[in-house]
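In this text, all values refer to a predicted model and were calculated from it rather than measured experimentally. Atoms within a ligand are numbered from 1 in the order they appear, just like the ligands themselves.
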Amino acid sequence: MSASTVFFSDLRASQKKNLLIKLVEIIDLAGLERIIKPRDLVALKLHFGEKGNTAFIHPVFVRQIVDRTKALGGVPFLTDANTLYGGTRGNSVSHLNTAIENGFAYAVVNAPVIIADGLRGASHGSVKIDLPFIKTAYVGREILDADALISLAHFKGHELSGFGGTIKNLGMGCAARRGKLQQHSDLCPKVKRKKCQGCGECVTHCAQEAIALLDDEKAFIDPGKCVGCGECILICPDGAINVQWNRDIPLFQKKMAEYTLAVLKNKKDKGLFVNFVTHVSPACDCYAHCDAPIVSDVGVVASTDPVAIDQASVDLVNRQLPAEGSCISGSVKPDDDKFRALYPEIDWAIQLHHAEEIGLGTRRYELISV
Ligand code: SF4
Ligand code: SF4
């Protein structure tokens with residue numbers, strides 16, 4: 001497979017050319033015009049951010065893509081699927097409220113928000129892919145039904161996949177509840193009994209009611225109920241809960257890559273991917289906070305290859321100096337892998353390797369700076 005093209009815009013701007021103009025320029029160069037035909041229903045898949053998180057893509061940038069899509073005759077809508085865990089995006093009503101509170105109101109973004117998998121995440125279509133780990137994928141109905149798909153991913157660290165970019169935004173983000181369970185289900189965190197203080201925070205937080213306090217006031221996770229969402233790991237104030245990383249993380253990443261292929265199966269030549277390599281926070285936008293970015297803001301990349309764009313984004317981040325005052329400053333040398341520094345046990349490259357193996361795209365790319 002030959003190298004794919006990834007277009008890159010840095011964040012330099014002038015009065016003549018601001019960042020909004022530059023954004024439209026790179027999506028045009030990446031081929032938006034070829035992808036959208038008049039009257040196409042166009043899903044713009046993004047993460048609206050958990051309430052309290054501020055690292056997600058700024059709605060003003062999203063509006064530029066909406067307006068450009070409309071100018072080409074497309075009919076855009078913003079979308080995401082509901083989450084597995086509690087929090088503010090677990091059903092369509094709270095999800096829509098959160099999206100609006102975070103700035104994704106029609107008056108700002110010029111397009112409606114439609115949650116992809118119904119009121120409680122049960123609305124999906126089945127996509128047969130017969131890959132090694134996923135035979136049938138369960139994808140949010142509205143995303144499957146759209147004529148074209150534009151992924152807008154906030155590129156950042158991620159506690160299960162090392163980094164989160166296009167593959168995470170599509171593979172996990174477009175999956176309905178059943179599909180998310182299917183990807184997470186081999187992960188089950190474990191409580192370190194010695195560390196557990198019995199505060200009960202994890203018990204209250206776990207949406208699956210998988211955690212209980214035993215008679216000795218130590219938490220216990222029922223593997224039969226746990227879906228491996230990983231939330232309790234960050235919730236525990238004493239660091240007493242750990243995922244059993246080594247056994248399950250590679251499988252999780254491979255499933256996510258296979259799901260991405262399922263999401264794109266009926267979007268041949270109808271998908272375009274954009275990564276915002278800005279506010280590169282250490283963890284997912286699903287948390288109700290975001291820590292300081294690990295590197296300075298880098299820019300925006302766009303491509304029609306979901307693998308090449310993620311590889312290019314990792315490389316762009318790893319070329320940066322660690323940001324002063326971030327959680328990795330002091331412990332990381334300039335050339336070190338920033339994502340391995342964040343999560344030493346996680347080999348983020350697995351998702352890219354596997355994605356390449358199943359024919360989703362290539363890790364070889366040519367970066368064209370605009
Ligand atoms: S026990 Fe932890 S990982 Fe399992 S479902 Fe509950 S919060 Fe998620
Ligand atoms: S949050 Fe941590 S310390 Fe508190 S009960 Fe759960 S495991 Fe124990």
Would you please indicate yes or no on a ring centroid separation below 6.0 angstrom for F48 and F56?
no
Exercise: do [X] and [Y] side chains pair donor with acceptor under 3.5 Å:
X: D285; Y: H47; value: no
X: N97; Y: E101; value: no
X: S161; Y: Q253; value: no
X: N275; Y: T166; value: yes

Hey, are D147 and K37 close enough for a salt bridge, meaning a charged N less than 4.0 Å from a carboxylate O?
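Salt bridge between D147 and K37, a charged N being under 4.0 Å from a carboxylate O: no.
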Is any NZ, NE, NH1 or NH2 atom of the basic residue among K45 and D80 found under 4.0 Å from an Asp or Glu carboxylate oxygen of the other?
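Counted as a salt bridge, because a side-chain N and a carboxylate O are separated by less than 4.0 Å.
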Every N, O or S from the protein that is nearer than 2.8 Å to atom 8 (Fe) of ligand 2
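Less than 2.8 Å away from atom 8 (Fe) of ligand 2 sit C196 SG.
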Atoms of ligand 2 under 4.0 Å from any heavy atom of P237, numbered from 1 in the order shown, are 1 (S)
Numbering the atoms of ligand 1 from 1, which are under 4.0 Å from a heavy atom of [X]?
X: Q208; answer: 5 (S)
X: I211; answer: 1 (S)
X: I221; answer: 1 (S)

Sequence neighbours excluded, the answer for salt bridge (charged side-chain N to carboxylate O under 4.0 Å, His left out) partners of D347 is R340
Looking at ligand 2, would G239 count as a contact under a 4.0 Å heavy-atom criterion?
no
Under-4.0 Å heavy-atom contact with ligand 1, by part of C226 that carries it:
both
Have a look at Y259 and tell me which of K168, Q182, Q183 forms a side chain to side chain donor-acceptor pair (under 3.5 Å) with it.
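For Y259, the side chain to side chain donor-acceptor pair (under 3.5 Å) test succeeds with only one of K168, Q182, Q183, which is Q182.
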